[in-house]
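Inspection log for the structure reproduced underneath, given as structure tokens.
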Amino acid sequence: MRPENIVVIAKREYSQRIRSKGFWIATLILPLFVVAAAVLPSLLLARSRAEQRVVVVDATGLVAPQLLKGRPKSEIRKASEEVAKFEFLVEPPSSDPHAQRAGLDRRVLDKEIDAWIWVSREVLTGKPVEYHAKTVSNVMTQQVLREDLSYVVRRVRLAEAGLDADRVGALSAPVDLETVRISKEGSRAEGGLAGAAFAYILFLLLYMVLVIWGQQVMQGVLEEKSSRIIEVVLSSVRPFELMMGKLVGICLVGLTQFSIWLVTLAAVATPGVMASIAGLPEGMKLPTVTPVMVLHFILLFILGFFVFSTLYAAIGASFNNLQEAQQLAGVAVFFLIIPVFLMLPIINDPGSTFAVVASLIPLFTPLLMTLRISLEMPPLWQILLGYALTFGFLVGMVWICARIYRIGILMYGKKPTFQELWKWIRYA
Amino acid sequence: MSYSLELRDVRKSYGKFVAVDGVSLGVPEGSIFGLLGPNGAGKTSTIRMIMDITAPDAGEILFFGHPRRSEDLRRVGYLPEERGLYRKMGVTEHLLFLGEIRGLKRRELVPRIEQWLDRVGLAEWRKAKIEELSKGMQQKVQLIGTILHEPDLLLLDEPFSGLDPLNQELFKELLLDYRKQGKSVILSTHGMELAERMCDHIGLISRGRVVLTGELGAIKRQVGGNSFRLVAEGDLDRVHSLPEIEQAVAQNGIVKLLLRPDADGPEVLRQLVQFLRVHEFRSEEPELEQIFLKAVRDAA
């Protein structure tokens, strides 16, 4: 075997693919999408913030003054502030409610005001506040108004009952869970939800990379076969060198893509960017990724890539066209999908026996061990055992697939049967 | 005689099918050797074993006088019958790749590629993608790819199939050039006319066996005494009925006759004039096609 041949083949695969437009479109579309999803909503919200002039008719005489004062900053959600802002105009209830209501409706229709609300005495005992406006589908604006009113009405009710609203507020404050992740490197505060989300995203990225580039390997082999370049190449390199060169080259392409995505993920996870993402709980922190974790992710990617792509290469070599090959390629995808089903129970309890066993099954190790590492660092022996088992499995796979590849690549014509594939494997 | 390539009793079976059944051949240095045979005779199987793409079941393959080593293959320029190119690659890039897998370095390849592209008139296309080239241009790129590493032995499988006339000339010129340099060329083909014009040695394969091999001139001389040219009027079909005549091929009023080894020319003529008006009857060198047909028939 000549390692330099593998290098030449790998170089060709890498430079061909990295220069294609398709690669960059596929690679950049995801980060663009993530950035867009992260930044656009807050941008849009800021631009579309509703500013409403609202007339308040307050029969209680207690709610309106407080409403004018507004809520203290600490009581306002950041999101609410971005959604809507109100200018309240207080008007006393007149002796003729019907005429007053009709007058207010007219003012809304004349666009002098946006809405009016009617706070009856019964509001203090649980009746709703009436909201009259031309459109009532502005649910987010209404939500903010509801929050404002609830705050004020609650205070009025407490005062009526002879209680100090500030004191009650302090005493009845809800309790939060501060989640602290314990690891050998030391404990630190970390959002539980954020940790799961991070693991989930990483898992899906890896899944995508494995499927996309495995399929690419298969297509590449089929192209070489159908363009009949294969025999020219095989007169200078061994089939094994050709297969390995192809796998190494495409693995590096996949790694390039995976790295770009990881960097995007890391950039999005920085506090500055996180803060600008709308709808996330404030102070949400993503788990910090240590260099050791990155190393494991890369090793697991490489192992996963080789396990599945070797299979894809053998499938590509055995058939004459993509349609034929796709049928068997489903088998490879099947083994990639199983971990997706095992993902949720593992996220919920990454240290369970179930999680440990599942993540040690060679075909599942790349995906599930990545998931576990991003959730909580498993004991080193489990990771190493996972590596050893997968590597052993990989050696067997390469041995079998290289044999199928070697023969299949020069076979044209009819689809091979399973018996024939078996014969190819045993053929010396 | 020293050989660039020698096969000794090489065998290959696929399951029950015997593709190559004990082939022994020698390709003398500085010769153009025609590996001839009908389709399905075992030529491509033999070539694939020579190139170590498949392994023989038995027998020996010697390169330049010694058992084949893997580095010997780098001294061979191989153009398979099924030849393709990476369509998405650039011309220069593709040739660099082919050179590199044969162990050459970029810096020695670049000037060579320039030179060759100039010589075949593709200089302007060096940066174009393969898929942008015409079929004839792609054939030139394939040819350059085959000889770029300056091999000592060329192994061409049906090199002229699908070639336009200009490229045929280019290929021929190149092969003759090669022989002049004392290098060897193996030309696998079923096109007899071409082989006859270019080859000095031949090996005829039929059903996986060598049925005739040696220097073309000697073979012709050996068969030659029995080959006649007949120009005549009358019932030419009756020619076949004479027991002394083994083969008769009529074309444009001329009949090429091949007599049985023990037949006597004047005696045959005496019989022919009984039913034909003979204008011409003379001994001549047999054509390769006649030799080929006879050998295949004899072997069967």
Side-chain angles (χ1 to χ4, degrees), chain A residues 1-23 216 219-242 245-246 249 320 403 405-413 416 419-420 423-424 426-428, chain B residues 13-15 44-45 47-55 57 70-90 93-106 109 129-131 138 141-146 148-149 151 153-157 162:
Chain A
M1 195 180 77
R2 285 199 176 95
E4 68 269 24
N5 281 347
I6 297 180
V7 174
V8 174
I9 306 269
K11 224 169 62 183
R12 194 197 81 81
E13 293 290 344
Y14 187 80
S15 68
Q16 283 296 298
R17 285 162 200 279
I18 211 86
R19 279 183 303 173
S20 77
K21 283 192 206 89
F23 171 81
Q216 284 286 314
Q219 270 181 30
V221 172
L222 280 165
E223 268 165 33
E224 269 169 357
K225 228 179 130 166
S226 59
S227 77
R228 313 268 166 161
I229 180 80
I230 196 78
E231 201 164 334
V232 177
V233 178
L234 283 187
S235 68
S236 301
V237 304
R238 314 297 312 160
F240 183 76
E241 293 164 0
L242 179 60
K246 197 169 210 48
N320 301 299
R403 281 166 168 254
Y405 180 87
R406 186 187 57 175
I407 297 183
I409 200 112
L410 287 168
M411 290 280 180
Y412 294 97
Q419 284 93 323
E420 277 167 320
K423 223 161 65 187
W424 294 358
R426 292 191 311 162
Y427 186 77
Chain B
S13 307
Y14 297 101
T44 298
S45 296
I47 290 173
R48 283 186 174 174
M49 286 188 283
I50 295 173
M51 290 312 295
D52 200 20
I53 291 170
T54 51
D57 299 336
S70 65
E71 56 266 33
D72 291 328
L73 290 172
R74 294 198 159 176
R75 295 171 65 186
V76 182
Y78 173 48
L79 187 66
E81 183 178 7
E82 300 286 5
R83 44 196 184 242
L85 295 162
Y86 289 110
R87 299 177 50 77
K88 300 273 175 207
M89 282 182 103
E93 202 185 5
H94 201 299
L95 291 171
L96 275 172
F97 171 72
L98 290 178
E100 281 184 320
I101 56 175
R102 287 164 183 144
L104 268 69
K105 296 274 168 277
R106 230 157 223 272
L109 279 168
K129 280 194 177 170
I130 299 285
E131 61 188 356
Q138 292 186 7
V141 175
Q142 282 159 344
L143 177 69
I144 299 175
T146 311
L148 194 57
H149 57 301
L153 174 66
L154 274 184
L155 180 44
L156 312 175
D157 195 356

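So that the names make sense, note that chain A is the first sequence line, chain B the second, and so on, each numbered from 1. Scope of the values below: all heavy atoms of this structure, side chains included, with no hydrogens, waters or symmetry mates.
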| said: Do A:R228 and B:P80 have side chains that approach each other closer than 4.5 Å (heavy atoms only, starting at C-beta)? | reply: no

| query | Say you draw a straight line from CZ of A:R2 to OG of B:S70; how long is it, rounded to the nearest 0.5 Å? | reply | 4.5 Å

| task | Go through the steps for A:V8 and B:R102 under the test side-chain contact (heavy atoms from CB on, under 4.5 Å), then give the verdict. | result | CA-CA 10 Å; A:V8 174; B:R102 287 164 183 144; over 6 Å; no

| request: State whether a side-chain donor-acceptor pair under 3.5 Å links A:E224 with B:Y86. | output: yes

| query | Between B:M89, B:M51, B:Q142, which has the largest tally of heavy atom pairs under 4.5 Å with chain A? | reply | B:M89

| request: Begin with the C-alpha distance, continue with both residues' side-chain angles, and end with the deciding distance and a verdict on side-chain contact (heavy atoms from CB on, under 4.5 Å) for A:Q16 and B:E93. | output: CA-CA 10 Å; A:Q16 283 296 298; B:E93 202 185 5; 2.9 Å; yes

| note | When the 4.5 angstrom heavy-atom criterion is applied to B:R87 and chain A, the contacting part is neither

| request: Might you work through the side-chain contact (heavy atoms from CB on, under 4.5 Å) test for B:H149 and A:S236, ending with a clear yes or no? | output: CA-CA 11 Å; B:H149 57 301; A:S236 301; over 6 Å; no

| said: I'd like to know if A:R12 pairs up with B:E100 as an ion pair, taking the criterion as any Lys NZ or Arg NE/NH1/NH2 lying under 4.0 Å from an Asp or Glu carboxylate oxygen. | reply: no

| task | Go through the atoms of A:I9 and report whether side chain, backbone, both or neither lie under 4.5 Å from a heavy atom of chain B. | result | both

| message | Heavy-atom pairs under 4.5 Å with chain B: which of A:P239, A:S227, A:G245, A:S15 has the most? | response | A:S227

| query | For A:V232, which of B:L98, B:L85, B:T146, B:I101 qualifies under side chain to side chain contact (heavy atoms under 4.5 Å, CB included)? | reply | B:L98

| task | Dump the intermediate steps for side-chain contact (heavy atoms from CB on, under 4.5 Å) on B:K88 and A:R17, then the final yes or no. | result | CA-CA 10 Å; B:K88 300 273 175 207; A:R17 285 162 200 279; over 6 Å; no

| note | Note: vs chain A, highest number of non-hydrogen pairs under 4.5 angstrom among B:L155, B:D52, B:V76 is B:D52

| query | How many angstroms lie between CZ in B:F97 and CD1 in A:I229, if you round to the nearest 0.5 Å? | reply | 7.5 Å

| request: Measure A:V233 against the heavy atoms of chain B and call it side chain, backbone, both or neither at under 4.5 Å. | output: both

| When rounded to the nearest 0.5 angstrom, what is the spacing between CD1 in B:I53 and OG in A:S235? | 5.5 Å

